[in-house]
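Reading through the structure tokens given below for one structure.
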Amino acid sequence: MVELRLDTVQASTMPKDCFMSVRLGDVQKISRLGPSRLFRFPPAVTTRKGKIEVFQRIGAYNLDVDSMRHAKNEVAVDCAACGFGWLGLRVGLETPAKLPAAHEEKTVHHAKIAHKV
């Protein structure tokens with residue numbers, strides 16, 4: 001396991017609602033910008049090169065997955081506060097075929113609308 005700790009030295013000029021991303025190889029971790037964060041990467045990460053990025057939220061949409069079970073839905077993400085208007089997205093819930101118990105793995109999908117600060 002690889003653990004990286006990021007401690008902010010100076011962040012007073014950073015805008016509100018910032019996030020930092022740390023990537024090692026194909027694994028990316030994202031967290032709210034704060035005074036100190038520990039990022040843990042699995043032992044399978046063999047690369048020793050990575051990237052740190054800082055993002056600011058420009059829009060958000062609260063999603064109710066239960067109401068999307070049988071149809072594709074169009075949602076509008078409000079990005080107007082940052083001067084970008086609305087982002088229209090078509091959202092469809094897809095359930096993959098069940099794998100045998102020995103091969104099951106949990107997958108988490110995150111989608112954020114952000115721009116680099």
Side-chain angles (χ1 to χ4, degrees):
M1 177 174 293
V2 176
E3 292 185 350
L4 290 177
R5 178 174 300 281
L6 299 180
D7 298 315
T8 54
V9 177
Q10 189 215 354
S12 62
T13 60
M14 296 302 295
K16 293 181 180 179
D17 231 1
C18 281
F19 298 84
M20 57 185 162
S21 161
V22 179
R23 179 185 300 275
L24 289 180
D26 291 336
V27 179
Q28 180 180 26
K29 305 283 185 164
I30 190 165
S31 177
R32 214 172 252 293
L33 183 63
S36 182
R37 293 286 188 254
L38 179 65
F39 295 91
R40 291 185 175 103
F41 291 87
V45 174
T46 57
T47 184
R48 293 296 183 224
K49 297 197 185 263
K51 182 182 258 189
I52 297 172
E53 295 177 296
V54 177
F55 298 94
Q56 183 179 19
R57 179 177 301 164
I58 62 169
Y61 181 86
N62 293 324
L63 193 61
D64 181 6
V65 175
D66 289 334
S67 69
M68 298 184 170
R69 292 246 180 243
H70 302 292
K72 292 201 185 259
N73 301 276
E74 290 191 9
V75 300
V77 180
D78 183 4
C79 304
C82 292
F84 295 106
W86 294 84
L87 172 65
L89 298 171
R90 185 171 296 122
V91 181
L93 182 64
E94 297 179 13
T95 307
K98 184 103 173 145
L99 297 173
H103 294 87
E104 279 187 22
E105 63 181 56
K106 294 179 182 178
T107 306
V108 178
H109 298 278
H110 298 280
K112 294 218 182 274
I113 298 152
H115 73 275
K116 291 184 187 179
V117 175

For Gly59 and Cys79, which heavy atoms make the closest approach, and how far apart are they? CA-SG, 3.9 Å
Quick check on the hydrophobic clustering: are Ile52 and Phe39 connected, directly or via other members, by side-chain heavy-atom contacts under 4.5 Å? yes
Please tell me if the side chains of Cys18 and Met20 come closer than 4.5 Å, counting only heavy atoms from C-beta onward. no
Nearest heavy-atom approach of Val27 to Pro42 is CG1-CD, 4.2 Å
Within the 4.5 Å heavy-atom criterion, are Arg40 and Leu4 side-chain neighbours or not? no
Say whether Leu89 and Leu63 are linked into one hydrophobic cluster, either directly or through other cluster members, by side-chain heavy-atom distances under 4.5 angstrom. yes
Just how far is it from atom CE of Met1 to atom CZ of Phe41, taken to the nearest 0.5 Å? 11.0 Å
What closest approach, in Å, do Phe19 and Arg57 show between heavy atoms, and which atom pair accounts for it? CZ-NH2, 2.9 Å
Indicate if Val22 and Met14 have the same hydrophobic cluster label, given that clusters are the connected sets of ILVMFWY residues with side-chain heavy-atom separations under 4.5 angstrom. yes
Value rounded to 0.5 Å, distance of NZ in Lys16 from CG in Leu33: 14.0 Å
Decide side chain to side chain contact (heavy atoms under 4.5 Å, CB included) for Arg48 and Val2; before the verdict, give the C-alpha distance in whole Å, the side-chain angles of both, and the deciding distance to 0.1 Å. CA-CA 10 Å; Arg48 293 296 183 224; Val2 176; 3.4 Å; yes
Heavy-atom donor-acceptor pair, Arg5 side chain to Ser36 backbone, under 3.5 Å: no
For Asp26, does the CG atom have more than 12 heavy-atom neighbours from other residues, nucleotides or ligands under 6.0 Å away? no
Do Leu87 and Tyr61 belong to the same hydrophobic cluster, where Ile, Leu, Val, Met, Phe, Trp and Tyr are linked whenever their side-chain heavy atoms lie under 4.5 Å apart, directly or via other members? yes
So, are Asp17 and Arg32 salt-bridged, with charged N and O less than 4.0 Å apart? yes
